[in-house]
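The shown structure was predicted, so the numbers you read here are calculated from the model rather than taken from an experiment. Protein chains get the first letters and strands the later ones, always in sequence-line order, with residue 1 at the start of each.
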2 protein chains.
Amino acid sequence: MTKNTPSSNSGGTIYTISDLAQRFDITTRAIRFYESEGLLSPERQGQKRLYSPRDYATLKLIIRGKRLGWSLAQSRELIQLYNPAENNQQQYQKVLEKVRQSRERLQEQMNDIEIMMIELNDQESRIREAMDKQ
Amino acid sequence: MTKNTPSSNSGGTIYTISDLAQRFDITTRAIRFYESEGLLSPERQGQKRLYSPRDYATLKLIIRGKRLGWSLAQSRELIQLYNPAENNQQQYQKVLEKVRQSRERLQEQMNDIEIMMIELNDQESRIREAMDKQ
DNA sequence: GACATAGTTGACGTTTACGTCAACGTAATG
DNA sequence: CATTACGTTGACGTAAACGTCAACTATGTC
């Protein structure tokens, strides 16, 4: 009766570790490693890990970070920006500052991509010209 | 009389290894490593390496690749797209295909950045709201 | 011409991000 | 109830990308 794939109990979808591994095309080893590095902290049912939609979102962020070449340490910092910290103005300011920094890094990557795109376009033109001349 | 910093001889600027290291804020070790991995192939004057503007451009590409999380193997492939290969139509087609793939990867990264940007904007809004309520 | 200033080639060390067993626990199933 | 499937915690291995010596060479400067 109880399925292993995501089920709706206690008000939200729950994922097993192998389920997440399939969905993101990574290994369970990687997921456990992310936890050991402080990027995830799933619930436990006995010794087994149970992942919430929030954990799912966190993993999605990690995967995106990886595609952008972010280290796990950087992704961990990013994740912490989405976690409720102490609610004083000073903490808020710190978080806002880190949000700004993250956006700056993303902007820099955006610029690099644009330049690379332009260079690739130029190169394609040159190749097509060379092809036409044959 | 001969300087160590870039000079104009034989029709182009020439850089020493430490000069490039300074300009790109990397170590000479890294530059030599890139060469050993087949990403650079500078001229030699005796045993000393001399880098051309083309080498400079290649290094710039490598650095951009690094900021985008590309492996050296990927950057090497990219670099080869800018090097004159055999001039037959079949080779051209292969290169064009790789150009297309590179652009696809860049586009994927661009999408990831956009999503992350949106999420950061949302998070900033939430934080500012929480700050106002205090 | 002794010496400081680049530069060179090994060779081994290090960090990050997992992969790969091994040895074991637990739970559903025929 | 033995088996199969899935999960767990170590522990060690590994690939990529350099860092860090060591030992040596070439050069130009006082």
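Going from atom NZ of A:K66 over to atom C1' of C:dA17 covers 6 Å, rounded to whole Å. With rounding to whole Å, A:Q22 atom CD is found 9 Å from D:dC6 atom P. The nearest whole Å value for the distance from the CG atom in B:L20 to the C1' atom in C:dG7 is 14 Å. Summarising the geometry, the separation between CG on B:D25 and P on D:dC18 is reported as 13 Å, rounded to the nearest angstrom.
At distances below 3.5 Å, at least one donor-acceptor pair connects side-chain atoms of A:S36 with backbone N or O atoms of A:F33.
For the pair B:L68/B:L106, a side-chain contact is recorded, criterion being any heavy-atom separation below 4.5 Å from C-beta on.
Proximity of residues 26-55 of chain A to DNA chain C (heavy atom under 4.0 angstrom from any strand atom) is restricted to A:T27, A:R29, A:A30, A:F33, A:Y34. Listed in residue order, the members of residues 71-82 of chain B having a heavy atom less than 4.0 Å from DNA chain C come to none.
Taking B:R103 as the reference, A:N121, A:E124 meet the side-chain hydrogen bond (donor to acceptor under 3.5 Å, both in side chains) condition, with sequence neighbours excluded. Residues satisfying the salt bridge (charged side-chain N to carboxylate O under 4.0 Å, His left out) criterion with B:R49, sequence neighbours excluded, are B:E35. Scored by the side-chain hydrogen bond (donor to acceptor under 3.5 Å, both in side chains) test, A:S52 finds A:D55 as partners (sequence neighbours excluded). Residues that satisfy the side-chain hydrogen bond (donor to acceptor under 3.5 Å, both in side chains) test with B:R32, not counting sequence neighbours, are absent from this structure.
Across B:L120 and A:Y82, no two heavy atoms sit closer than the pair N-OH, 3.5 Å.
Side chain to side chain, B:E77 and B:W70 fail the donor-acceptor criterion of an N or O pair below 3.5 Å.
Distances shown here put a side-chain N or O of B:T16 below 4.0 Å from the OP1 or OP2 atom of C:dG7.
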